[in-house]
Amino acid sequence: MTHPFLDNSFQIRWLQLRAADVEPDIVSALAEAQGALETVAAVPLAAVTYANTVLALETATLALSQAWGKVTHLQSVADSPDLRAAHNAVLPKVSAFYAKIPLWPELWQRLKTFAATAEGQSLTGIHRRFLDETLADFRQAGADLPAPARSRLEAIQTELAELTQKYSENVLDATNAWQMVVEDEGRLAGLPDHAKTAARQSAASKQLGSEEKPVWRFTLHAPSQEPLLTYLYDAPLRQELWSAAVAVGAAAPHDNTPLIAKILQLRAEKAALLGKSHFADAILERRMAKNGARALSFIEDLRVRSASAFQRECTELAAFKAERTGGAAAPRPQLTPWELGYWSEKLRREKYAFDEEVLRPYFPMGNVIAGLFELVSRVFGLRVAERPTTGPDAVEVWHPDVKFYDMHDGRGRHVGSFYADWHPRESKRGGAWMNYLLTGGPQPDGSRQPHLGLICGNLTPPSGGKPALLTHREVETIFHEFGHLLHHLLGEVEIKSLNGVNVAWDFVELPSQIMENWCWERDSLDLFARHYASGAVIPPDIYGKMIAAKNFRAATLMTRQAALAKMDLLLHTRTAEFSHLPDVEPAIRAAIADCLIPTEPPAPTIVKRFTHIFADPVGYAAGYYSYKWAEVLEADAFTRFRKEGLFNPQVGAEFVAKVLSRGNAADPAELFRDFMGREPDLEPLLQRSGL
């Protein structure tokens, strides 16, 4: 294959995609896109039309964006020195190319000219929306600025792409660089059996220990880290792992400290060039919050509503630990940060006689996936079927763990397909995410092409001859990412860039977070929560305890999200206070002190490993509040399912028709009102959280 990354086949030939092909393929795609844009820029002003200007801009970069999407995806799931070098060699060219499009005077002139024509004025529906959004994209990027400012904006975008890529690499490399090998099994007291088995398998995979003299290896990947910090009796081991975890991105040779300052400075400069007082206002102008002050006010309101309960929870936990250990009942007893999870779990057991680990046998991954598919069949009328990834008719995948599925709707239409990659690897970045590879949807000839997407995570893998047994939070993660996937695959928008998840970022989490609700309802849990050995459903007494404990330390969880959102917004609204410091950590920690659990020693913030806001030129920067904003929307929207039926296909069909299928075809506030018949209400979220 001459240019494998440029092959636009629906079934991607992953095994043909080599690091050596990245640069020639992307350079070729850049040249093709450049030529297409030059054609648009050369259209005589008197001859501009919707087709040769607005639509032509949409299609000019399609091949490039699809090829680059494969490169960046592989870098997320199959990182290697060769691939990283190839990616970073072309990253500046790609970033510079995309940055210059809205700053290209001839393109902007033709768009404005077309908008003023009779054809432009008479556009309606999705075509009017597309023109308006395109004009707004150009203006927001600086199209109306003088030439020197436009040139500087292009340079800033390119530099931000390189700096944020390096930040991301530092987090991944620091995570992979650390391990803790335990030789004395006695030190693992308290650790669940599945975590011990996984740690022993991890050691064996690195040729550590032997059958006669086994050892146990722990890493900073979540499935390894979290059980140890939650259950292990041995406090020094917990401290050792915690210390390594908080050092990610904060120590040489993977230190993000200087990168943070530079990223913040460049974002502030970009905002100033665009005539905004700070980056948050520049970013949020067209999101539901509209500006940084409103987003910050929203987060502060949630923090204040949770404050008294948060203080009670902090005091209760410290007093509980002091009581259980015979410690002095000081006026303000405090815990160390590496024992918060440990004593929280003990307090949960004390209050509710509930250990989250008792749920794990009821969540074998295969059952969870099958139950999810049954749920979306009942609610949304969808049929999902797995395709083989081995054998004569195999679909190619990038790793043997990856699964491939087709999705059909109630009319039998193939609406889309997707890959699922759920378990951690050293070559794979942390976290969980959804992305899209191809956007189909309605075509000019009246047909419809299927969409292609993917979902990834870092969930508990199989171990000890047992299937992957998940925590309840991991089950929620699968449902969450699948919600994003539905948003893409069910899109019925004929303009690709307005399809699916290409919406305001404080709206994009509505389809994902609403799916998590079904992970708590008895009727939906019975579809998939079945013991891996016996097939039994969760016993009533365990389910009762699970629900009773649902809002355990809810104010602490709410305040933690408020802390992250506040940190993000303060960094991007009061940048001058932070960006010139040699180390942003002490100042930003002090600024969000009212959101932090008091510990001794004080725990550092996650600012140096906060990939949501620093691993992309924009990403969730000034937008982390979106999770709570969208949670208000989804908690409210789910009240319709509660009232009208958890599996009500009419409500499901309405959610598809009015939200999931519409992408950015209309203002998100309009889509919400269309589904709910009114403005959003904060009360359902507070009630659900017990606040």
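When reading the values below, keep in mind they use all heavy atoms of this one structure, side chains included, and skip hydrogens, waters and symmetry mates. We number each residue from 1, following the sequence as shown.
- Using a 4.5 Å heavy-atom threshold, the side chains of His472 and Cys519 count as touching.
- A donor-acceptor pair is defined here as one N or O able to donate and one able to accept, closer than 3.5 Å; such a pair exists between the side chain of Gln443 and the backbone of Gly441.
- Glu494 approaches His127 most closely through the heavy-atom pair OE1-CE1, 3.4 Å.
- Donor-acceptor pairing under 3.5 Å is recorded for the side chains of Arg360 and Thr460.
- Within the cation-pi definition used here (under 6.0 Å to the ring centroid, within 45° of the axis), Arg522 does not qualify as a partner of Trp520.
- Under the 4.0 Å criterion applied to side-chain N and carboxylate O atoms, Glu285 and Arg139 are not assigned as salt-bridge partners.
- Between the side chain of Thr639 and the backbone N or O of Ala635 there is no donor-acceptor pair closer than 3.5 Å.
- Side-chain contact between Glu509 and Glu634: absent, with no pair of heavy atoms (C-beta onward) separated by less than 4.5 Å.
- A salt bridge between Arg640 and Glu654 is present, with a side-chain N of the basic residue lying under 4.0 Å from a carboxylate O of the acidic one.
- A salt bridge is defined here as a Lys NZ or Arg NE, NH1 or NH2 lying under 4.0 Å from an Asp or Glu carboxylate O, and Asp281 with Arg294 fails to meet this definition.
- Using the six-membered ring where Trp is involved, Trp629 and Tyr625 have ring planes that are perpendicular, over 60° apart on the 30 and 60° scheme.
- One side chain, Ser417 or Asp406, offers a donor N or O that lies under 3.5 Å from an acceptor on the other.
- Counting only N and O atoms by type, the side chains of Asn517 and Arg688 include a donor and acceptor under 3.5 Å apart.
- The aromatic rings of His488 and His451 sit tilted relative to each other, their planes meeting at an angle between 30° and 60°.
- Of the charged side-chain nitrogens involved, none lies within less than 4.0 Å of a carboxylate oxygen, so that Asp355 and Arg348 do not count as a salt-bridged pair.
- Side chain of Lys658 to backbone of Phe675: no donor-acceptor contact under 3.5 angstrom is found.
- A salt bridge is absent between Lys496 and Glu58: the closest approach of a Lys/Arg side-chain nitrogen to an acidic carboxylate oxygen does not fall below 4.0 angstrom.
- In summary, Glu521 and Arg642 engage in a salt bridge, as defined by a charged side-chain N under 4.0 Å from a carboxylate O.
- By the 6.0 Å contact criterion, NZ on Lys466 is open, its count of non-hydrogen atoms from other residues, nucleotides or ligands being 12 or less.
- In summary, Lys351 and Glu316 engage in a salt bridge, as defined by a charged side-chain N under 4.0 Å from a carboxylate O.
- Of the N and O atoms on the side chains of Tyr436 and His487, not one donor lies less than 3.5 Å from an acceptor on the other residue.
- Below 30°, between 30° and 60°, or above 60°: for His484 and His480 the angle between ring planes is above 60°, a perpendicular geometry.
- The aromatic rings of Trp398 and Tyr419 lie tilted to each other, with the angle between the two planes from 30° to 60°.
- Classified by interplanar angle (parallel below 30°, tilted 30° to 60°, perpendicular above 60°), the ring pair Phe641/Phe380 is perpendicular.
- A salt bridge links Arg413 to Glu492: one of the charged nitrogens lies within less than 4.0 Å of a carboxylate oxygen.
- Side-chain contact between Met515 and Val376 is present, with at least one heavy-atom pair separated by less than 4.5 Å.
- When the options Phe482, Phe647, Phe638, Phe528 are evaluated for a ring pair (Phe, Tyr, Trp, His ring centres under 6.0 Å) with Trp518, the one that passes is Phe638.
- A donor atom on one side chain and an acceptor atom on the other are found under 3.5 Å apart for Gln140 and Arg286.
- Within a 6.0 Å sphere centred on CG of Asp393, other residues, nucleotides and ligands contribute 12 heavy atoms or fewer.
- Comment: Glu374 engages Arg378 in a salt bridge, judged by a side-chain N to carboxylate O separation of less than 4.0 angstrom.
- For the pair Arg387 and Tyr405, the cation-pi criterion (under 6.0 Å, within 45° of the ring axis) is not fulfilled.
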